[in-house]
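No hydrogens, no waters, no symmetry mates; every other heavy atom, side chains included, goes into these values.
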Amino acid sequence: MTAASTTHLVLIPSYNPGVKLDDTVRQARRFWNPVWVVVDGSTDGSAARLQAMAAADCGLRIIVLPENRGKGSAVLEGLRAAQAAGFTHVLTMDSDGQHPADRIPEFMAVSARNPGCMVLGKPVFDAAAPQLRVKGREISNWWANLETLWAGIGDSLFGFRVYPVAPLERIMSRQRWMRRFDFDPEAVVRLAWAGVRPINLPAPVRYFRADEGGVSHFRYFRDNRLLTWMHSRLFVGFVLRLPLLLARRFRPFRR
């Protein structure tokens, strides 16, 4: 069994993920200890299954929220619990099996060598990836890089990444955004504004068809409207921070 880390944990926010969840958790536990899952008001019975798994596995912890609050809220709940337990970093990954559990040790090792940085997965898509979503994310990536004055964000939407807990929890606690689908891109932009340097690592992503157990909660118009509103807010923040960002171009990010 993998020795438990006292600084880094895997954090999996989960909402009605379908049949892929149990295998996702098992794979994460195979490659890391500890693994925490935040069940975000799921109604599919997954909380009971996970709690049964955790009863037989001291490296697995389940946090159950009574109602669905959104991905960002679930991550924030996990961040606060992790911080209270003395952890300094969390690796977030989706519960639907799309993210590569076998890359967890590599990402954690890079984070351990660069504790002041965020380690961002840069997705490597296979042929099954929906082209509408692949092309659409290029727009969000362009805006995120503009808003950070090209600080080096490889992908703004890919949720397989390692965050330093303290600065992210502090940023989220100071404002009411970043609670739903807007969490991933806004988190990296605001962390970059705070001086947290991004490190990008490639990571394969797999999209499952419905007959393979794939479940998607992405809603094209609803979520793109949310992202548009988010980037509108962030652009205002970018303009206000522009002198600082320009000055930072002449000195390195802190490590």
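Of all the heavy atoms in His89 and Pro115, the pair that sits closest is NE2-O, 2.8 Å. Counting all heavy atoms, side chain and backbone alike, Phe107 lies closest to Leu120 at CE2-C, 4.0 Å. When all heavy atoms are compared, the tightest approach of Gln51 to Val64 is NE2-CG2, 3.6 Å. Considering all non-hydrogen atoms of both residues, Ala144 and Ile153 come closest at O-CD1, 4.3 Å.
Among Asn200, Asp184, Val90, Leu91, the single residue meeting the side chain to side chain contact (heavy atoms under 4.5 Å, CB included) criterion with Arg161 is Asp184.
Note that CD of Gln175 and CD of Glu186 are 5.5 Å apart. Values are rounded to the nearest 0.5 Å. We find the OG-CZ distance between Ser73 and Arg179 to be 5.5 Å, quoted to the nearest 0.5 Å. Note: Leu149 CG to Leu242 CG = 6.5 Å, rounded to the nearest 0.5 Å. Annotation: the span from Asp57 atom CG to Leu50 atom CG amounts to 11.0 Å, rounded to 0.5 Å.
Every residue two or more places apart in sequence or in another chain that forms a side chain to side chain contact (heavy atoms under 4.5 Å, CB included) with Pro13 is listed here: Lys71, Ala74, Val75. Contacts of Phe183 classified as ring pair (Phe, Tyr, Trp, His ring centres under 6.0 Å), with partners at least two apart in sequence or in another chain: Tyr163. With sequence neighbours excluded, the residues satisfying side-chain hydrogen bond (donor to acceptor under 3.5 Å, both in side chains) with Ser173 are Arg80, Glu169. Residues passing the side-chain hydrogen bond (donor to acceptor under 3.5 Å, both in side chains) test with Ser156, sequence neighbours excluded: Ser140, Asn141. In this structure His99 satisfies the ring pair (Phe, Tyr, Trp, His ring centres under 6.0 Å) test together with Phe158, Phe160, sequence neighbours excluded. Shown here are the side chain to side chain contact (heavy atoms under 4.5 Å, CB included) partners of Val110, two or more places apart in sequence or in another chain: Arg113, Asn114, Val119, Ile199, Leu201. Shown here are the side-chain hydrogen bond (donor to acceptor under 3.5 Å, both in side chains) partners of Arg49, two or more places apart in sequence or in another chain: Asp22. Looking at residues two or more places apart in sequence or on another chain, you find no side-chain hydrogen bond (donor to acceptor under 3.5 Å, both in side chains) involving Asp182. Residues satisfying the side chain to side chain contact (heavy atoms under 4.5 Å, CB included) criterion with Trp142, sequence neighbours excluded, are Leu146, Trp150.
Counting only distance, with no hydrogens or angles, the side chain of Asp96 and the backbone of Gln98 share a donor-acceptor pair below 3.5 Å. Checked by atom type and distance alone, the side chain of Arg233 never pairs as donor or acceptor with a backbone atom of His231 at under 3.5 Å. Here the side chain of Asp40 pairs no donor or acceptor atom with the backbone of Leu65 at under 3.5 angstrom. No side-chain donor-acceptor contact under 3.5 Å links Arg103 to the backbone of Pro204. Between the side chain of Ser95 and the backbone N or O of Leu21, no donor-acceptor pair lies under 3.5 Å. Listed for the Thr92 side chain is a donor-acceptor partner under 3.5 Å among the backbone atoms of Gly159. Checking side-chain atoms of Arg241 against main-chain N and O of Gly237 turns up a donor-acceptor pair under 3.5 Å. Asp155 contributes no side-chain N or O that, together with a main-chain N or O of Gly121, makes up a donor-acceptor pair within less than 3.5 Å. Ser232 places a side-chain N or O within donor-acceptor distance of the main-chain N or O of Thr228, the cut-off being under 3.5 Å.
Each ring-ring contact (aromatic ring centres under 6.0 Å, His included) pair with one or both residues in residues 31-86, not counting sequence neighbours, appears once here: Trp36-Phe87. Pairs passing the salt bridge (Lys or Arg N to Asp or Glu O under 4.0 Å) check and including a residue from residues 7-17, sequence neighbours excluded, do not occur.
Taken together through direct or relayed side-chain contacts under 4.5 Å among Ile, Leu, Val, Met, Phe, Trp and Tyr, Trp143 and Leu240 form parts of separate hydrophobic clusters. The cluster map of Ile, Leu, Val, Met, Phe, Trp and Tyr, joined by side-chain heavy atoms under 4.5 Å apart, puts Trp193 and Val236 in different clusters. At a threshold of 4.5 Å between side-chain heavy atoms, the hydrophobic network of Ile, Leu, Val, Met, Phe, Trp and Tyr places Phe235 and Leu157 in one connected group.
Within the hydrophobic cluster formed by Ile, Leu, Val, Met, Phe, Trp and Tyr side chains joined at under 4.5 Å, directly or through other members, Val124 stands alone, with no partner residue.
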